Amino acid sequence: MIKNTESVFEVDTLKILTDKDIALHKAESGFLNAEAFGETYERVSLTRLVPFMNEEKYISVTYKTEDNEWKEIGVIEDIRKLSEEKQKIVREYLSFKYYIPVITKINKITDNRMGYLFLEAETTAGPKKIAVNDWWHNFRMIQNKMLSVTDADGNRYCVPEVEQLDKASVKKLQLFI
Amino acid sequence: MNLKLSLPKGVDEQSVVFSLPFDIDRSAKRTDGHLTATKEKLSVYYNGELCEQFLLEDIMEIEVEQLIGCSMLCVKDALGKQKFVCAFSQKHFMRFAELAKIIEHYLKTGIFTETTDADEPACPKCGISLNGSKKCVYCEGDKGVFVKLIKRLAPYKKQFFFSLFATFMLYAFDVINPIFQRILVDDLIVPNNADWALFFKVAACILVMNLSSVGFRLLQENSNYKISTAYGRDLRRDIFNKTQDLSMSNVAKRTAGELINRVSGDAATLQDFMTRQGKDMIFQTVALVALVIIMFVTNWKLALIVVIPLPFAAYLSIKSFNAISIRYSRVWRCQCRASELLHDVLHGVRVVKNYGGEEREIEAYRKASGKWADAVKRADILWYMVQPPIRYVFTIGEFCALFFGGSMILGGQMQLGELIQFTTYVYMLYGPIQWLTSLPRVLAQAKVSAGKVFEVLEEQNDIRDNESAKDIEIEGDIDFQNVFFGYKAYNPVLKDISFSIKKGEMIGIVGHSGVGKSTLINLIMRLYDPTAGVIKIDGMDIKDISQNSLRSQVGVVLQETFLFSGTVLENIRYAKPDASFEEIITAAKIANCHSFITRMPDGYNTIVGERGYSISGGERQRIAIARAILHDPKILILDEATASLDTETEKQIQDALDRLIAGRTTIAIAHRLSTLANADRLIVLDKGKVAEIGTHTELLKNKGVYYNLVMAQRQTAKLKK
Ligand SMILES: Nc1ncnc2c1ncn2[C@@H]1O[C@H](COP(=O)(O)OP(=O)(O)O)[C@@H](O)[C@H]1O
Ligand SMILES: [Mg+2]
């Protein structure tokens with residue numbers, strides 16, 4: 001009813017992209033190109049819509065229009081429903097965009113210096129000394145299970161399941177969460 | 001900022017101008033890479049091998065893009081194709097951003113600057129981000145919270161001295177008393193000696209001591225009380241003042257609940273700590289040392305036995321202090337989260353009611369409160385577990401002293417009175433020792449609170465007046481010169497904004513919601529400082545105008561108006577505390593709220609309720625407008641100020657405002673474009689940039705962004721009919 005008066009009022013709807021709807025290529029420039037619904041898009045961006053709830057589900061595919069606006073092509077409901085090859089591309093892209101090393105072991109935590117927390121930990125990106133400022137906000141449990149850490153530089157780290165860490169690490173952590 | 005941090009293997013230092021390490025490769029694996037730059041090209045090295053080169057002459061644009069956990073450097077070639085150069089963790093972000101800025105500058109102007117005076121982003125010693133401050137929090141940590149706490153006692157030196165003096169005197173009496181007892185026992189009772197003269201002398205001394213101790217006790221209590229109340233009052237005042245002084249972005253970092261916790265909770269903890277423990281700390285330490293000396297003088301063998309376990313116990317105390325203090329900081333956090341939640345829910349109680357969320361909130365609060373209780377329990381359990389053993393170790397000497405003292409008497413090496421005197425001292429030693437054993441917990445609690453309080457008190461204000469900042473009389477010219485701003489650096493909301501507004505002009509700002517209109521006026525108010533560019537008022541950089549003088553001459557009415565719980569009168573008067581009642585009514589009349597105020601039973605004394613909830617949104621807004629009018633600002637800013645009024649009322653206010661704004665600069669933001677019909681000029685924002693500037697007619701002719709906005713609104717208007 002509203003639709004035929006003016007395009008301004010077109011209601012944005014959720015477009016779920018299935019495997020056959022979208023083709024993805026990694027371009028030489030290092031970015032991702034996509035083909036969907038008969039159009040080619042350069043330098044598309046993939047975004048996890050629910051990064052903390054599920055890393056594999058609901059991936060929004062967007063592109064930049066000529067006047068620098070991000071538009072959504074659609075949403076991939078589940079990475080696992082894509083073809084092997086696309087899965088690989090998508091995962092690789094996401095692991096790059098969401099570069100979040102996982103903390104595997106905590107050696108030491110100290111706090112109380114001007115609201116800073118200092119963490120010495122083993123991560124999937126090697127041993128790190130992590131300084132968290134304002135740690136009240138940047139060192140938080142999400143859904144009582146996952147620990148998300150943002151350090152003073154803006155790097156992110158996580159522990160997907162705190163209980164899965166070794167006992168000594170959990171014990172050290174527990175005082176801070 | 002050092003932009004030649006490390007070189008790829010085998011590359012000569014002289015051959016490159018800049019060289020930065022990066023640590024992430026294309027497939028998000030850790031790598032050891034370098035990017036070098038010269039006037040001709042960028043070269044990318046992975047593990048010391050040259051992998052890719054970009055000629056600067058082919059590059060049109062260069063930028064750093066922030067992803068979620070890492071960032072990347074990209075270039076755009078002449079065809080507008082973007083290319084990935086390298087990726088790095090955020091540690092390197094500032095350096096690459098600076099490098100990109102330099103190269104961008106070179107591409108635009110042909111000037112290649114080889115050095116940069118930007119601040120170092122990280123501590124050169126430990127590599128931890130400095131976050132814009134000069135001191136490294138890690139290397140120059142704040143070990144001295146207690147020193148700072150004690151320093152705050154300075155204004156009450158006199159009372160503190162009195163209190164300390166009285167305490168020492170009282171203590172001295174306690175120390176002397178055993179001597180008289182020994183004389184009574186050893187010289188009078190045991191030898192059955194009826195020396196009355198000696199007896200009366202001793203009795204008189206005891207009497208005098210007891211009497212004067214009453215006086216000293218009074219002095220002590222009195223001074224303590226004075227220090228306690230003043231210390232707490234001043235601390236609360238300072239924290240509160242600081243929260244008022246800090247900039248918007250400083251304050252916005254913390255929730256209201258958290259700040260409330262600091263102003264009242266932590267201040268109370270510290271007040272208690274300082275008055276009770278602060279003084280004790282000096283007194284007990286001195287008492288401890290004095291007693292130990294006296295004991296050694298009295299009988300060094302026994303004293304040695306008593307003293308031997310002390311260092312050991314002290315060591316245990318210190319050890320437990322760390323464990324306990326961490327637990328108390330957890331208590332602090334849980335308490336804070338609970339009060340945060342409480343504050344949030346009470347604030348949004350209308351939404352809770354509207355959506356029937358009571359049960360959910362009750363559950364959420366129960367959980368938070370339970371977690372808090374649990375944290376307290378854990379801290380206390382640990383405390384009660386470690387305290388008795390520590391105390392035991394402390395007191396073990398007493399048994400030994402009694403045992404050996406007893407056998408000495410039996411062996412005739414010692415007299416009974418001497419042992420009594422000695423054991424009295426041992427008992428007295430337990431005062432300081434008791435206190436010592438309770439110290440870890442008390443210190444831990446105070447340390448947590450002190451840490452939080454000083455964090456606020458010592459926070460650097462993001463927005464500071466220049467040293468030369470002056471109070472000026474504002475005329476009303478406003479100039480934006482290439483202003484960039486983002487709430488988070490490098491995520492710009494406003495890009496390269498330039499315009500100038502002349503004194504007395506009425507300017508409308510239009511644009512889609514979220515484009516940055518409110519942000520723009522926040523900059524004029526100097527709630528935030530631009531990342532780059534200059535804002536001038538009357539040709540003067542606003543950083544050179546004292547914030548106070550600036551804000552007192554700029555008036556704002558926001559869409560979301562805030563009224564304090566109080567009367568209508570108080571709320572209007574807030575803008576000008578010394579306004580006469582006539583002035584207030586005049587303002588109210590202009591803002592079109594006089595008539596509805598008159599209809600309310602309590603007139604101007606009507607209480608508007610917390611946040612003004614007991615009156616309607618439109619009424620609230622009109623009161624806010626009256627407040628701004630009374631303020632009589634040189635620059636008036638209306639940010640969707642009339643959005644929740646009907647067109648009729650809006651028209652009336654508009655007319656009144658028109659009369660009022662004659663001669664003053666007005667900046668109005670409105671969604672309803674008809675509101676801006678009277679504007680001299682319109683500034684159209686689009687995608688963070690100024691898209692168009694001109695009068696309504698000019699812009700319509702342009703058929704640009706503004707034209708589209710107008711057309712879209714006409715459509716809606718038609719639909720409504
Ligand atoms: N305090 C803030 N912190 C971070 N981002 C903000 C803040 N305030 C506004 N923004 C963002 O800045 C952009 C511009 O907001 P704003 O100036 O309020 O837009 P409007 O034009 O609707 O007034 C929006 O994208 C908004 O999300
Ligand atoms: Mg706004």
Side-chain angles (χ1 to χ4, degrees), chain A residues 2 5-6 8-9 26-31 42-43 45 47-48 51 64 66-69 91-101 109-116 118 123-126 128-131 133-137 144 150-158 172 174-177, chain B residues 23-24 26-28 30 66-72 74 81-85 87 89-94 121-122 126-131 137-138 141-143 145 253-254 258 323 325-327 329-330 333 336 378 447-448 451-452 454-455 458-459 488 686-687 708 711-712 715-716 718-719:
Chain A
I2 291 171
T5 54
E6 181 79 16
V8 179
F9 297 101
K26 192 158 178 179
E28 201 204 330
S29 63
F31 296 112
E42 279 195 9
R43 226 212 125 167
S45 163
T47 307
R48 282 180 184 144
K64 227 177 192 170
E66 254 147 45
D67 22 297
N68 268 339
E69 234 173 312
R91 289 214 176 95
E92 190 178 296
Y93 182 92
L94 289 176
S95 68
F96 181 72
K97 176 167 176 181
Y98 296 84
Y99 183 76
I100 305 178
I109 309 185
T110 44
D111 88 318
N112 263 353
R113 294 188 183 204
M114 325 282 282
Y116 268 78
F118 299 99
T123 73
T124 45
K128 294 262 169 180
K129 196 156 116 193
I130 305 168
N133 71 328
D134 222 341
W135 65 275
W136 171 253
H137 298 115
N144 265 324
T150 308
D151 78 3
D153 287 313
N155 293 308
R156 299 249 304 239
Y157 303 89
C158 79
K172 286 181 196 120
Q174 238 153 22
L175 295 171
F176 295 94
I177 49 183
Chain B
D23 51 1
I24 300 171
R26 283 184 174 214
S27 43
R30 209 149 68 99
Q66 201 159 23
L67 302 173
I68 310 298
C70 63
S71 300
M72 58 184 178
C74 307
K81 268 224 158 63
Q82 240 181 346
K83 282 189 187 150
F84 169 91
V85 179
S89 62
Q90 312 290 25
K91 181 168 73 181
H92 303 299
F93 182 85
M94 297 297 264
C126 63
I128 278 171
S129 164
L130 288 175
N131 250 319
V137 281
Y138 190 76
D142 69 333
K143 294 214 174 65
V145 284
K253 264 201 322 219
R254 310 205 168 80
E258 192 187 332
S325 85
I326 290 177
R327 277 166 182 77
S329 96
R330 185 162 189 267
R333 278 193 323 280
C336 228
R378 277 200 211 188
K447 187 182 167 199
V448 173
K452 302 298 170 194
F454 284 113
E455 194 184 309
E458 287 168 5
E459 185 152 4
K488 297 203 182 71
D686 193 38
K687 298 181 191 91
N708 290 334
M711 286 306 138
Q715 288 291 346
T716 349
K718 265 188 219 152
L719 275 176

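As the structure is a computational prediction, the values presented were derived from the model and not from experiment. Order of the sequence lines sets the chain letters (A, B, ...), proteins ahead of strands, with each chain counted from 1.
Distance CG/B:L67 to OH/A:Y99: 12.5 Å, rounded to 0.5 Å. Note that the NZ atom of B:K81 and the CZ atom of A:R43 stand 13.0 Å from one another [nearest 0.5 Å]. Atom CD1 of B:I68 sits about 7.0 Å away from atom OG1 of A:T47, to the nearest 0.5 Å. Here the CZ-OG1 distance, from B:R30 to A:T123, works out to 7.0 Å after rounding to the nearest 0.5 Å.
Proximity to chain B is limited to the side chain of A:F31, based on heavy atoms less than 4.5 angstrom apart. Contacts of B:C74 with chain A are made by side-chain atoms alone, with heavy-atom separations under 4.5 Å and no backbone atom involved.
Shown here is B:K83, whose NZ atom has no more than 12 heavy atoms of other residues, nucleotides or ligands within 6.0 Å.
The candidate with the highest count of non-hydrogen atom pairs below 4.5 Å against chain A, out of B:Q82, B:M72, B:H92, B:R378, is B:Q82. Heavy-atom pairs under 4.5 Å with chain A peak, among B:K91, B:Q90, B:R26, at B:Q90. Each of A:A131, A:A125, A:S95 has some count of heavy-atom pairs under 4.5 Å with chain B, and the biggest count is that of A:A125.
Of all heavy-atom pairs spanning A:Q174 and B:R330, the tightest one is O-NE, 3.1 Å.
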